[in-house]
Each structure stands twice: as structure tokens, then as C-alpha cells.
Number of protein chains: 2
Amino acid sequence: MKEGPDIAQIGALIGDPARANMLAALTGGRALTATELAGVGGITVQTASTHLAKLEAGGLLTQRKQGRHRYFTLADEAVARLIESMMGFAAGRGHLRHRPGPKEPALRKARICYDHLAGDYGVRMLDSLIASGSIDAVGDGLALTEKGEGDLKCIGIDVGDLRSSRRPLCRSCLDWSERRAHLAGSLGKALLSSFLDKGWARRTAESRSIMFSPEGDRQFLMLFPVEA
Amino acid sequence: MKEGPDIAQIGALIGDPARANMLAALTGGRALTATELAGVGGITVQTASTHLAKLEAGGLLTQRKQGRHRYFTLADEAVARLIESMMGFAAGRGHLRHRPGPKEPALRKARICYDHLAGDYGVRMLDSLIASGSIDAVGDGLALTEKGEGDLKCIGIDVGDLRSSRRPLCRSCLDWSERRAHLAGSLGKALLSSFLDKGWARRTAESRSIMFSPEGDRQFLMLFPVEA
DNA sequence: TTCATAGTTCGATCGTAACCGAAGCATCGC
DNA sequence: GCGATGCTTCGGTTACGATCGAACTATGAA
């Protein structure tokens, strides 16, 4: 007994519905204010404030003061990975929310996972990159090939810049809706950024879903084909 | 709000200290009775019984009746991975137990992680296998090489048998004590089994730690050298 | 059969934590 | 300065769940 690290603390932090909703919302990658988080948690701001203080004390969140707002974000990528992995686990066990809202289909199609693309489109993109020989898949691991590096340059992504960061270039992330891997890491982030920059897609206001424009949709599907 | 799977449920399940202790104990891989689990949780059998019922209802545990005993195990490997990943996360954040008991050093040296070797020795083994070219590491992924397959046959492990299972052969598992990867998957299991069969090491009674015999220790370190 | 052991179910207690109203700071715009 | 907005702190209520004693069921041993 009393072996190893204390998982009960973080379990309890995630175990409250209001806090879990806030964390899930923050997995969307953008910083949210206390009031916004109170909204997603379905509680008053006072209550949200105490929850946020606990999450921060537990090392899951960081806050940044800006004027009279306080913007909260996940402490780091490890938190995002933990939340996503728990979502994957929960989805696999059928622990779904009671009423899957109307947003659910949009979420399944394309959503943001901390800073990269997830959902059907995320999985499709990785599949296509592997099929075209741009990325090597070994076990759970992913590695960019020379061909891939060239292809990416063609669509305006300089891999050299990405390598300079300490963060791994390619990382596979299990998708809770598709139950298959999609591309995370700095390359995953760069790809999503480029889609947003190009105007192919945009983030929605308070949801994690990503809306593709008709033209962006066409371009995306052409760029990342899947064999019939 | 109300997007995606419900992580609060499993968070809450893990969030109780008594339940967390039971789950951690079961990550040791062997089936434990309700009374034993009450012991590791530091609670009475009545309380343990209700906890175990909740964990089972939540899909984290399965029980098997045998005579008048009920043996509990983790539902599957995914649960073990979740618990281990939470331990890794908690350890990285300094969420350690209040009093690291005397067993802690033994756990850090060598322990069982569901069914494979973890701790210092687990990490050493994987490092050595990679250095010798038996295993290829690409990103987070691991793949057995032809050389590795031959080497393993020499120490009595037939990889062909392992491939027949649906379970992946090599999988990397993040070590909470070392914060580095060790070898999981069916190969990780087979290797640990062979050490136990050979009498190099034995599992301890109620702990996850693995005790190497002096001779086993010598053999292990010789088989898996690390460059100075 | 009777007794012992393993476990669950019931009932009641108790503590903690979630919750919100109200008050208190801090910052912005005027 | 003033009021408005964003957020935190305080105080008190409430509800849920962890806990255990006691009673009950089931299996095994004598």
C-alpha cells in the first residue's frame, strides 16, 4: 500500500463534472476567462473561481492576468494528453454524456485537440500522409520521411523551423471519436495553423469543433486523399 | 458544453484514495481478493465491497468467483495503461504520496507494470535492446528487428508465438519513476515471464516490486549492458 | 448438522466539498 | 471622482458519498 505517486489527487480534480467540463473546454487550446469557464461548467462564477483555484493548485491550469480578465489555459501539453487519453478511454467504455448534443456530429468530423486537428479529418490526414509515404509509422511511433519534408515545403511548411523547438515533431494521439490515431506534435500544430491561415477552416466560438469552408473542404480532401 | 465523452465519471472513480490504492495494487497484474484489497485500501471489507462494486460497474474491474473467494483484476490492459499514465503524470507534477515508504527504492529499481518489467531495470532493458539494434525506436514507437528476433530466440523466446496474439508485440510505456520509456506489449510480458521462469527474479507478496536474486541480477545486467 | 470464513446488503452517522448570496477588491471607461 | 465589469473571498446551507456496525448469504470444513 502507499506505493508510487498519488493518482487520487488528480483523479479527484478531474472527477468533478464542472471541473471536467472546464478542462475539456480548455483542451480546445484557447485561453478562456473565468466567466466563460463558469458557463461551460454550468455553475456560477463564485463556484467556478474556487474550482479554478483548485485546478491551478493541482498544477493542471495556469492563469494569466490581462486587464481585468483572467485567462486560464491548461498548464502544458501533458495535461492535454492526459485529458484526451481519458476521453479516449471513457469513449471506449461507453461512458458518454447523457445527451449527445447537436454539436456532436461536428465534433466528430473535425475538432481541435489542444493545438492540432482531430476527429474524422484528423485521422484521414494522418492516414493519407502515411499512405503517400510522407510519414513512417512504426508501432505507435511516427517519423517524417525525406519525401514528407519535401511535400510539406510545397504547401508552405518549413520543417526546419519546427525542429528547433524542443517539442517532438510527430506524435500520435488517440482519437476518442474515431478510436484511431491522428497527428499531434509540432507538425500537427503547424498543419492546422496553415489550414486556418489559408482560410480553409475556422475555429468556432465556444466549441472545440472546427468548421471547414466549402472551398477549404474541397482543398483538404484533395490534398489528403484516401484510397477507395 | 457537454461535448464528448464523460471523463468525470472515471475521474471520480479514481479520485477516491481507497479506490486509487486498490487500482494501483491491481496494476501489479495479479488478481486480489476483496479482503486483500480492503487491506491495501486501508478500509473495512464492507466499504471495500461497495468500492469494488462501483469500480466494476464503471468497467474498470472484473471479478471471478472461485470457491468462496472473489478475485478482482483490472478489466483489461487499457485500464492498466490509464492508471500507469496517470501515475506518470502525477509523478511529473510532484504529486507524491505523503510518506514514501521503505518499499519505494525497491519499486524504483524493478517493479511489475501489469505484466511487464518497469522501473530502473525496465528502462535499462529497453535502452540496451535499442542500443544493440534489437529494437528500432521511431518517435514513441518500437519495432522488433530481425536481429532482435534472432537474439530473443537465443534466450528462449519465440517471437512467432507472440505474433499470433492480437496484442501488439512492442509497445512503449512511460515509467513514472524513471520518466523514460520501458518495454510493454506481448514481448515485454514474455521477457518478464522468462526471468521469473529462470528464477532470476520473483514477485513479492503484496507489492508490485520485483526481487532479483544475486545470480539473476548478475545475469540480467550481463544480458542487458549499457555503455559507460 | 454446525461452525468458520468470505463477501454483500442494510442502515445510520459523519465529514467534506460543492454550491450560491453577499460583500470585497481590482481594473476599466467615463 | 463615479459606476460598471470581472473575479475572489467569506459564510452558511445542503447534499452526497465514504465509512462502519450489524445482519444476511454463500461456500467450505468438520
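Predicted model only: the values in this text are computed from it and were never measured. Numbered from 1 within each chain, the chains take letters A, B, ... in sequence-line order.
Atom-to-atom distance recorded for B:R124:CZ and B:F220:CZ is 7.0 Å, nearest 0.5 angstrom.
In this structure, B:I14 places its CD1 atom 18 Å from C1' of D:dA18, rounding to the nearest Å. Remark: P of C:dT8 and CZ of B:R68 are 15 Å apart, rounded to the nearest angstrom. Rounded to a whole Å, the CD1 atom of A:I43 is 16 Å from the P atom of C:dA17. Atoms CE (B:M22) and P (D:dA18) sit 10 Å apart, rounded to a whole Å. Following rounding to the nearest Å, B:Q63 (CD) and C:dT8 (C1') show an atom-to-atom distance of 10 Å. When the P atom of C:dA4 is taken as reference, atom NE2 of B:H69 falls 17 Å away, rounded to whole Å. If you take OH of A:Y71 and C1' of D:dT5, they are 13 Å apart, rounded to a whole angstrom. Whole-Å rounding puts the A:N21 CG to C:dC19 P distance at 11 Å.
A:T44 and A:Q46 share a side-chain donor-acceptor pair at under 3.5 Å.
Comparing A:Q46 and B:T50, the nucleotide of DNA chain D nearest to each residue sits closer to the 5' end for A:Q46.
The shortest distance between side-chain heavy atoms of A:F89 and B:I7 does not fall below 4.5 Å.
Side-chain N/O atoms of A:K54 include none lying less than 4.0 angstrom from OP1 or OP2 on C:dA17. At the phosphate of C:dC19, OP1 or OP2 sits under 4.0 Å from a side-chain N or O atom of A:H51. Between A:K65 and the phosphate of C:dT27, there is a side-chain N or O to OP1/OP2 separation shorter than 4.0 Å. Listed pair B:T47 / D:dC20 meets the phosphate criterion, a side-chain N or O lying under 4.0 Å from OP1 or OP2. Contact annotation: B:S49 reaches the phosphate of C:dT8 (side-chain N/O to OP1 or OP2, under 4.0 Å). Checking the phosphate oxygens (OP1, OP2) of C:dA18, a side-chain nitrogen or oxygen of A:R19 falls inside 4.0 Å. Contact annotation: A:T44 does not reach the phosphate of C:dC19 (side-chain N/O to OP1 or OP2, under 4.0 Å).
No salt bridge links A:R171 with A:E84; every basic N to acidic carboxylate O contact stays at or beyond 4.0 Å. In summary, A:R167 and A:D76 do not engage in a salt bridge, as defined by a charged side-chain N under 4.0 Å from a carboxylate O.
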